[in-house]
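Here the structure comes first, spelled out in structure tokens, and everything after it is commentary.
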Amino acid sequence: MADRRTPAVYTIPPHRAFADALVTGLLALHGGDRMALARGIILVPNNRAGQAVSDAFVRRAEGGLLMPRLVPIGDPELDDRTGPALDPLSEAPLPPAIDPLRRQLIFARMLQAERAMDAAEAMRLAAELGRVQDQLLVEEKSLHDLTTLDLAEGLSAHWDRALDLLTLVLSQWPDELAKRGVIDLADRRNQLLNRVEDRWGREPPPGFVVAAGVSTGAPAVARLLRRVARLANGKVVLAGLDQQMPDAEWDAVAGKDDAPPIETHPQFHLAQMLDRMGVARAEVKLWRYGSDADAPPARSRAISNALAPARFTDKWVDLPAADRRLTGVRAIEVPTPADEAQAIALAIREALERPGTVALVTPDRALARRVSAHLKRWKIDADDSAGLPLSTTPPGMLLLTLATAAAEDFAPVPLLALLKHPLVTGGMARIDWLDGARRLDRALRGPRPGEGLHGITALLETPDKYEGDVRNAALPWWRDVVPLLEPVQAAFRATPTLPSLLETLRTALQTLGGDAIWSGEAGRALADLFADLQAHAADGPSAVDPASLPRLLRQLCDATTCRPARGGHPRVFIWGLLEAKLQSAETMILGGLNEGVWPALPSPDPWLAPAVRRSLGLPSLERRIGLSAHDLAGALGAPNVLLTRAQRDTSGPTNASRFWLRLETMAGHLPEPDLRVDLLARALDGHEGQPNRATRPAVDVPLDARPRRISVTDVDRLAADPYAFYAKAILKLKSLDNVDEEPGASWKGSVIHKVLEDWAKEDSYAAGALVHRMRHALDGEAVSPVVRTLWLPRLEKVAEWIEAEVEANRVKGRTPFRAEIDGRIDIDGVTVTGRADRIDRTLGGVAIIDYKTGRAPSARQVKAGLAVQLGLLGAIAEQGGFKDIDSLPAEAFEYWTFQKDGDDFGKMETPTGEKGDRISADAFVETIVAAFRTHAARWLTGEEPFVAKLHPDFTYGEFDQLMRLEEWQGRD
């Protein structure tokens with residue numbers, strides 16, 4: 001059969017549903033002969049597009065039909081394989097395509113051999129290198145083209161180094177392929193398409209051939225489409241070619257007259273493809289068939305005008321109303337992504353009240369997941385067909401958590417994240433495992449223990465007067481867990497290889513979670529990833545630092561997509577941009593229309609400078625913006641369209657997408673939907689009137705439940721924040737330290753007080769001994785190097801100052817007398833207990849010293865009765881309340897602080913004196929005792945409510961959440 005003289009190239013405009021219009025036309029042309037339809041071949045861009053066309057046939061198969069063969073031509077960027085119909089058994093077989101993961105591993109090893117880098121960075125660069133290699137092959141550029149570039153302007157040094165490394169690796173690549181008997185996927189596709197083009201030129205297929213929706217301008221694809229367009233029974237049907245665009249605009253997009261092309265325009269890739277096919281736009285005919293899901297033809301004209309090249313948008317000023325009309329297109333802006341998801345879910349639910357299908361199209365996968373979750377409110381199952389990265393699924397997260405915990409030598413935070421993972425049971429009942437994990441969580445509160453698993457064991461076995469019971473409770477369970485994790489710790493501490501690390505992780509996953517790890521879509525995806533990795537790990541990086549393994553695995557898990565099984569709601573769909581190609585629905589919701597989301601920001605290329613890309617004729621990084629615009633144009637062709645965007649995201653205010661702004665500017669206004677789903681969404685989970693906020697707590701406690709014993713340190717809390725005292729002393733609540741917490745003020749104070757106590761009781765205040773002890777105060781403690789570096793010099797300086805002050809006091813007849821001594825007295829029926837850090841014997845009595853690692857209370861605070869510790873300790877001394885010490889008058893009251901004083905550290909402050917708010921030493925104890933009597937009469941022996949934050953400037957924040965501070969502070 002002779003070829004056509006003129007090419008048979010058609011286009012289906014955006015306002016028509018592509019797949020349905022295509023199938024309607026094919027059935028009209030070939031449906032009369034069932035076998036003629038079955039002998040036909042439809043070339044589609046990829047498997048997803050083939051599924052869309054197949055679904056359209058199913059919708060029209062009223063009495064059953066034999067469908068034509070749907071053959072994907074493949075897309076190397078999506079790792080899509082060319083359909084088997086293009087690779088017949090009758091011809092000499094081509095070598096198989098190399099597995100993409102195997103190629104990445106080999107590239108990573110080659111990069112490591114040429115440059116010093118860790119395995120994770122090598123894998124990242126290898127993935128980008130694979131993309132560059134595919135682009136070179138698709139555009140039929142050779143290594144010779146790369147090495148003989150003649151750039152008008154030289155490259156900067158880092159681009160030169162990148163290009164040299166790229167050239168070096170690619171020069172070795174053919175030998176690597178030959179050793180394994182494989183070729184690149186893109187190379188194999190080119191050879192297959194060239195074979196088909198040649199074969200069909202000699203022997204046209206017996207049935208019809210239609211290339212439908214193919215939009216890539218790759219040379220091999222363009223040659224095949226040129227052949228199909230000239231077959232007697234062949235047709236090329238394009239999606240959304242703009243036939244109404246003026247010639248001047250078309251020429252500007254295509255880059256004619258020596259002007260650079262506009263690669264960000266939605267028509268550029270079609271213009272490039274037609275040019276490579278040797279077909280003029282005027283030769284393209286309109287596909288005259290439609291479907292029941294078409295929008296008015298005016299929609300296509302409006303889309304064309306809205307997406308005109310920037311220098312032609314001045315025509316919007318005089319554009320007739322009929323050419324800017326967007327009837328059926330509505331838009332809503334909402335404050336946050338959460339509001340957007342709720343509004344979209346409501347719009348989908350409302351659309352189900354009418355006949356037809358509804359689809360959400362968005363590149364924002366987080367938005368898609370939120371919408372899917374909201375739809376479950378109405379028992380609508382609509383999973384995101386674009387899928388989830390393996391790293392966001394429970395099995396993938398478990399792998400990454402295990403690798404992170406091992407890389408950090410099982411530090412408390414990643415260890416607990418691993419042990420609490422929902423798939424981990426360690427062979428126990430889940431509830432028993434969780435009980436043990438929670439006991440361990442409680443025991444690991446505070447500073448980090450020693451390194452590794454045995455550091456935690458040592459902590460749990462260490463007696464502690466405060467945490468002993470908690471540690472003992474966690475120890476038996478922990479001893480059962482250690483053997484499960486020891487092989488992983490040993491492997492990561494050794495000098496491992498990638499295969500050995502993978503085998504260790506796989507075994508550990510099975511031990512921790514059992515068969516549940518590998519079940520479901522995500523589990524099978526993880527199993528496949530492990531199988532591929534272990535099969536090809538020997539080809540991968542030779543040097544693997546265990547610390548970089550979590551990053552390496554995250555890259556691989558991020559690149560692995562888990563798609564849900566089919567079988568959701570038959571009329572509701574959630575698509576990514578790839579899934580939406582050639583798809584249609586009566587109602588299309590286009591979500592996430594913010595700049596940086598739709599269109600996405602171009603991903604940087606670490607290998608080729610923009611000038612090199614231009615010289616080679618490779619696609620620019622910005623070309624995907626044009627493809628995103630084409631996706632938008634296709635989705636805008638539905639009868640009913642809702643555009644949505646959020647005005648801010650987690651990082652701050654957002655900018656509306658350039659596409660949103662173009663539509664809004666051209667149309668003059670994007671109307672809101674008749675049903676304001678954004679307002680409904682706000683009211684759906686809201687409430688009427690003002691929120692019922694909590695008021696400032698004031699707790700009444702029966703007199704007999706009020707404590708009659710109080711420590712001198714708790715009196716300050718009682719006076720400043722009675723509610724906090726109530727929470728601690730009556731409710732017996734205690735704030736927990738964070739896990740793996742950096743040593744805080746309390747911890748530092750405990751360590752330093754212990755050093756000072758040992759200096760007093762073991763060294764008898766010997767000169768030089770305190771400095772030595774302070775120098776080693778942090779030995780054996782799990783303290784970060786930063787804290788150790790900052791604190792040790794300060795501790796040594798303060799120790800020198802304390803020794804000097806003690807010696808100077810001795811000269812004046814004042815000597816240290818007791819240290820860390822407990823005492824008690826009764827005041828108005830309340831037992832007051834306290835511990836003095838140090839008591840010095842003076843010529844006429846005693847001096848009370850309190851060591852402060854932080855700031856000392858101000859004289860004003862003491863006078864107001866909000867810092868009574870020194871005065872009450874003085875009262876205990878005067879009444880003989882300290883063990884083995886006779887009653888002696890308290891003459892001096894001093895805070896010895898670790899604060900800076902000028903250029904040195906260490907400072908003595910006293911609340912007594914005759915100036916300002918200070919209290920005279922003679923009246924100090926009496927004044928403080930009087931203040932205590934007032935506090936006791938109000939809250940201990942009296943019935944006054946325990947009010948929150950009575951003096952907020954002198955309170956702690958540990959019970960702020962309990963008192964719901966944010967709800968009432970500043971409002972009452």
Side-chain angles (χ1 to χ4, degrees), residues 48 51-52 55 59 293 328-389 392-394 422 520-522 561-581 583-594 597-598 631 635 638-647 649-650 672-687:
R48 299 182 184 91
Q51 186 63 53
D55 291 344
R59 287 192 289 271
V329 178
R330 299 288 187 266
I332 55 171
E333 288 184 277
V334 293
T336 67
D339 296 327
E340 184 179 12
Q342 183 75 282
I344 290 173
L346 277 167
I348 291 174
R349 178 64 186 85
E350 188 269 337
L352 291 178
E353 296 297 307
R354 304 186 300 270
T357 56
V358 55
L360 165 64
V361 180
T362 178
D364 187 344
R365 307 278 44 90
L367 176 64
R369 289 195 294 272
R370 274 180 159 170
V371 172
S372 178
H374 280 305
L375 287 173
K376 287 179 170 50
R377 178 197 295 261
W378 300 289
K379 296 181 172 56
I380 298 173
D381 187 11
D383 289 329
D384 181 7
S385 64
L388 297 173
T392 63
T393 66
E521 299 292 334
T561 302
C562 301
R563 289 189 169 81
R566 295 171 65 87
H569 196 287
R571 294 172 54 206
V572 179
F573 308 97
I574 299 178
W575 295 321
L577 298 190
L578 290 173
E579 289 70 31
K581 286 183 182 297
Q583 300 273 21
S584 60
E586 280 77 8
T587 299
M588 296 284 267
I589 301 172
L590 313 186
L593 278 165
N594 283 327
V597 178
W598 195 348
D631 295 335
N640 300 295
V641 179
L642 176 64
L643 312 177
T644 71
R645 66 172 293 262
Q647 294 168 330
D649 58 18
T650 54
E672 294 160 338
D674 296 333
L675 180 66
R676 290 294 303 276
V677 290
D678 53 330
L679 301 182
L680 280 176
R682 212 172 303 165
L684 186 62
D685 296 317
H687 54 80

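Note that the numbering runs from 1 along the sequence shown for the chain.
Among all heavy-atom pairs drawn from Leu360 and Gly591, the shortest one is CD1-N, 4.0 Å. Residues Pro639 and Ala585 come closest through the heavy atom pair CD-O, 3.9 Å. Residues Ala359 and Trp575 come closest through the heavy atom pair CB-CZ3, 3.4 Å. Here the closest heavy-atom approach between residue Gly592 and residue Val597 is recorded as O-CG1, 3.3 Å. The two residues Cys562 and Ala522 have their closest heavy-atom pair at SG-CA, 3.9 Å. Scanning both residues, Gly576 and Val361, for their nearest heavy atoms gives O-CG1, 4.3 Å.
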Working for side chain to side chain contact (heavy atoms under 4.5 Å, CB included), residues Thr587 and Arg354: CA-CA 10 Å; Thr587 299; Arg354 304 186 300 270; 3.4 Å; yes

Verdict with reasoning, Arg330 to Val641, per side chain to side chain contact (heavy atoms under 4.5 Å, CB included): CA-CA 6 Å; Arg330 299 288 187 266; Val641 179; over 6 Å; no

Derivation and outcome, side chain to side chain contact (heavy atoms under 4.5 Å, CB included), residues Ile344 and Ile348: CA-CA 6 Å; Ile344 290 173; Ile348 291 174; 4.0 Å; yes

Side chain to side chain contact (heavy atoms under 4.5 Å, CB included) evaluation trace for Arg365 with Leu388: CA-CA 8 Å; Arg365 307 278 44 90; Leu388 297 173; 5.8 Å; no

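The backbone N or O of Asn640 sits nowhere less than 3.5 Å from a side-chain atom of Glu586 that would complete a donor-acceptor pair. Counting only distance, with no hydrogens or angles, the side chain of Arg571 and the backbone of Gly356 share a donor-acceptor pair below 3.5 Å. Formation of a donor-acceptor pair under 3.5 Å by the Ser372 side chain with backbone atoms of Ala382 is found in this model. Within the 3.5 Å criterion, the main-chain N or O of Leu367 finds a donor-acceptor partner in the side chain of Asp364. Between the Asp631 side chain and the Lys581 main chain, no donor and acceptor come within less than 3.5 Å of each other.
From Asp674, atom CG reaches atom CD of Glu350 across 9.0 Å, with rounding to the nearest 0.5 Å. Taking CZ from Arg349 and CG from Leu375, the interatomic distance works out to 10.0 Å, rounded to the nearest 0.5 Å. Note: Ile380 CD1 to His374 NE2 = 13.0 Å, rounded to the nearest 0.5 Å. Arg377 CZ to Gln342 CD: the interatomic distance, rounded to the nearest 0.5 Å, is 5.0 Å. Phe573 contributes atom CZ, which lies 7.5 Å from atom CG of Asp55 (distance to the nearest 0.5 angstrom). To the nearest 0.5 Å, the span separating OG1 on Thr357 from CG on Leu352 amounts to 9.5 Å.
Residues Thr561 and Pro389 form no side-chain contact, since every pair of their non-hydrogen atoms from C-beta on lies 4.5 Å or further apart.
A salt bridge does not link Arg682 with Asp339: every distance from a Lys NZ or Arg NE/NH1/NH2 to an Asp or Glu carboxylate oxygen is 4.0 Å or more.
If you run side-chain contact (heavy atoms from CB on, under 4.5 Å) between Leu643 and each of Ile589, Ile332, Val329, only Val329 comes through. Put simply, the residue from Asn594, Thr362, Thr644 that forms a side chain to side chain donor-acceptor pair (under 3.5 Å) with Glu340 is Thr644.
Using a 3.5 Å distance cut-off with no hydrogens or angles, the side chains of Ser385 and Glu579 do not pair a donor with an acceptor.
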